[in-house]
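Quick notes on the structure that follows.
The residues of the chain are indexed from 1 along the displayed sequence. These numbers were taken from a predicted model, which means no experiment stands behind them.
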Amino acid sequence: MPKGLYECVNCGHREVVDSMEPLLEGACPKCGGDMILVKVLEGSESPEASESSQEAAGIRGDVEALLNKFYSLELIEVQGAVSVFRVTEIHERDFEEVLAELEALGYWAALKKAGNEVRLFLFPAEQPKRNNPLVGATLFVLTLLSTLWAGYILGLSYVRTLSDLGIPTRQSPYLISVAFSVSVMGILGTHELGHKVAASMHNVRSTFPYFIPFPNLLGTLGAVIRVKSPIPTRKAAVDLGVSGPIAGLLVAIPVTVVGIKLSPVIPMSALPGAAGKGIYFGTNLVFILLEKLILGARSGDNYLIQLHPVAIAGWVGIFVTFLNLIPAAQLDGGHVARAFLPERAHRYLTLGLGLLILLMSYYWAGWAIWAILVLFLGAAGNPGALDEVSPVPLSRKLLALIAALIFVITVTPVPFYTG
């Protein structure tokens with residue numbers, strides 16, 4: 001039966017309908033207005049019908065030819081600037097190739113499942129705004145200064161504690177400050193550069209890292225990069241999600257090793273009565289293993305490890321890895337989880353994890369802030385990759401398992417506590 005392309009007289013919504021009536025009263029699914037026939041699409045299964053329908057949707061001939069090169073499809077609906085097609089056959093399995101050629105013509109596309117059908121959504125590509133390099137450079141300098149200051153304060157406290165315990169040291173708070181700042185900036189910068197490299201591999205537009213200065217114990221709240229174009233495939237989502245944590249951890253581990261080697265180990269019997277009281281850093285399986293390998297029997301309960309600020313920097317890198325791999329919202333782990341879960345299931349997972357983190361605030365009050373952050377980000381959802389039809393390759397499934405293992409061994413339930 002011939003089909004007609006109808007347009008709403010109220011809101012302008014366009015849709016293909018199995019009808020040739022000149023007017024369909026109250027048929028608009030958007031506003032309930034009247035729909036008028038603007039184009040007759042004869043023989044929707046034929047090439048002529050495909051040509052006329054795509055022409056009616058305002059699709060240029062070069063874009064139409066490209067679509068027909070990659071897919072066998074038919075137009076079923078036009079929603080403003082978005083054209084919706086039913087895909088009957090896929091000729092090109094590499095969606096990133098499809099997206100690259102479409103983007104060169106000014107379009108993006110999304111491949112989604114709708115019941116037993118595969119649908120392709122075609123829409124104009126957004127032009128990313130130009131970045132102001134002064135912003136990133138200014139934030140970098142400010143974060144460098146704030147981490148130097150934090151390192152100096154930690155260095156003063158470290159040297160003073162050793163002096164109070166009668167442990168001779170020639171270490172300068174100024175050198176400790178530089179070592180701490182370089183360690184923290186190196187870990188965070190490598191984490192974000194891992195994302196940047198993965199984004200470049202998949203032709204995803206992104207900025208260089210933005211460091212976030214903050215006057216706290218560490219001198220920073222971390223670093224971020226902004227992704228300025230959609231993630232094309234679930235394979236790319238896994239790569240972008242795991243690249244940062246793995247890259248950062250590969251730097252955090254040797255930094256931690258150096259820091260632990262610089263940290264004096266003090267027998268509890270040698271401590272004064274009031275010593276050993278203060279703020280302690282929580283531990284995780286990675287840190288415990290490194291302590292055992294480096295310190296051996298001296299890492300037991302009968303000894304106190306006075307962490308060198310460089311060891312604190314390494315601990316921060318491991319802790320940041322854990323936080324980013326939480327499989328919720330749009331965190332790194334959230335992108336990996338979304339690659340394997342439908343949007344609704346991922347929303348429920350985010351909600352559940354947000355509430356679990358809130359319960360963990362009983363042990364550390366800071367988790368309440370993280371719970372609010374996760375729930376807030378989760379409310380916006382995670383759109384997932386543009387192509388949710390193509391399967392995730394085995395190599396990325398294994399990479400996701402590695403990320404899950406890293407998450408388990410870096411879990412730090414109580415990051416800080418008092419002795």
Side-chain angles (χ1 to χ4, degrees), residues 66 70 92-111 123-140 143 185-212 222-252 317 320-321 323-325 329-340 382-400 402-403 406:
L66 197 60
F70 293 136
E92 174 57 66
R93 293 292 175 181
D94 186 351
F95 187 77
E96 291 187 26
E97 177 66 25
V98 174
L99 198 62
E101 295 200 34
L102 281 173
E103 190 169 17
L105 300 178
Y107 285 87
W108 284 337
L111 207 58
F123 48 97
E126 295 181 8
Q127 294 301 319
K129 296 180 181 179
R130 296 185 62 183
N131 299 318
N132 185 348
L134 289 178
V135 175
T138 301
L139 288 173
F140 175 82
T143 307
M185 298 285 282
I187 293 169
L188 297 178
T190 304
H191 179 114
E192 299 305 330
L193 283 176
H195 290 313
K196 179 67 176 176
V197 170
S200 299
M201 288 172 54
H202 294 283
N203 296 315
V204 175
R205 296 194 187 101
S206 62
T207 65
F208 279 97
Y210 289 102
F211 290 86
I212 306 173
V224 296
I225 66 168
R226 291 179 57 203
V227 174
K228 307 186 75 174
S229 62
I231 298 175
T233 62
R234 296 192 290 168
K235 170 184 174 181
V238 174
D239 286 351
L240 265 71
V242 305
S243 55
I246 289 179
L249 187 64
L250 289 177
V251 177
V320 166
T321 299
L323 292 178
N324 278 278
L325 283 177
Q330 296 192 39
L331 298 172
D332 294 341
H335 288 305
V336 177
R338 179 67 176 88
F340 297 93
N382 187 321
L386 291 175
D387 176 12
E388 292 193 325
V389 174
S390 302
V392 180
L394 178 60
S395 60
R396 288 343 187 253
K397 292 179 181 178
L398 294 175
L399 196 58
I402 292 173
I406 293 175

I need the minimum non-hydrogen distance between L102 and A109, along with the two atoms involved.
CD1-CB, 3.6 Å
Heavy atoms, side chains only, cut-off 4.5 Å: are L188 and T143 in contact?
no
Return the minimal non-hydrogen interatomic distance between H335 and N382, and the atom names on each side.
ND1-ND2, 3.4 Å
Please report the C-alpha distance between K235 and H202 in whole Å, then the side-chain angles of each, then the deciding distance to 0.1 Å, and finally whether the side-chain contact (heavy atoms from CB on, under 4.5 Å) criterion is met.
CA-CA 9 Å; K235 170 184 174 181; H202 294 283; 4.2 Å; yes
Could you tell me the separation between the CD1 atom of I406 and the CG atom of N324, rounded to the nearest 0.5 Å?
12.0 Å
Using side-chain contact (heavy atoms from CB on, under 4.5 Å), reason through F340 and K397 one step at a time and then give a plain yes or no.
CA-CA 9 Å; F340 297 93; K397 292 179 181 178; 3.9 Å; yes
More than 12 heavy atoms from other groups under 6.0 Å of CD on E97
yes
How close do D94 and E92 get, counting heavy atoms only, and between which atoms?
N-OE2, 2.9 Å
Look at the side chain of S229 and the backbone N and O of R205, then say whether any donor-acceptor pair between them is shorter than 3.5 Å.
yes
Taking the side chain as C-beta and beyond, is there a heavy-atom pair between H191 and L249 under 4.5 Å?
no
Using a 3.5 Å distance criterion without hydrogens, assess whether the side chain of N132 forms a donor-acceptor pair with backbone atoms of L134.
yes
Taking the side chain as every heavy atom from C-beta outward, state whether H195 and P245 have any pair of such atoms under 4.5 Å apart.
yes
Which heavy atom of V336 sits nearest to which heavy atom of A400, and what is that distance?
CG1-CB, 3.9 Å
Nearest 0.5 Å please: distance from the CG atom of L399 over to the CG atom of D239.
6.5 Å
Could you tell me if the side chain of V204 sits less than 4.5 Å from the side chain of P232, heavy atoms only?
yes
Given the rule in the side-chain contact (heavy atoms from CB on, under 4.5 Å) test, do T190 and L250 qualify, once you have shown the distances and angles that lead to the verdict?
CA-CA 9 Å; T190 304; L250 289 177; over 6 Å; no
Rounded to the nearest 0.5 Å, what separates atom CD in E103 from atom CD in E96?
11.5 Å
Validation row: K228, N131 side chains within 4.5 angstrom (heavy atoms)
yes
Can a donor-acceptor pair be found, under 3.5 Å and without considering hydrogens, that links the side chain of T207 to the backbone of R226?
yes
CZ of R93 to OG1 of T233: how many Å apart, nearest 0.5 Å?
14.0 Å
Could you pull out the closest heavy-atom pair between R234 and A339, with the gap in Å?
CD-O, 2.9 Å
Check: S206 main-chain N/O paired with K196 side-chain donor or acceptor under 3.5 Å:
yes
Looking at every non-hydrogen atom in both residues, tell me the closest pair between F208 and I225 and how far apart they are.
C-CG2, 3.9 Å
So, taking the atom named CG in D387 and the one named CG in L99, what distance separates them when rounded to the nearest 0.5 Å?
9.5 Å
Do L139 and I212 come within less than 4.5 Å of each other through their side chains, counting heavy atoms only?
no
Note, L193 side chain near P209 side chain (heavy atom, < 4.5 Å)
yes
Rounded distance [0.5 Å steps], CD in E192 versus CZ in F211:
8.0 Å
Would I231 and L386 count as a side-chain contact (heavy atoms from CB on, under 4.5 Å) here? Give the steps.
CA-CA 6 Å; I231 298 175; L386 291 175; over 6 Å; no
Measure the shortest side-chain to side-chain distance between E101 and F70 over non-hydrogen atoms and say whether it is less than 4.5 angstrom.
yes
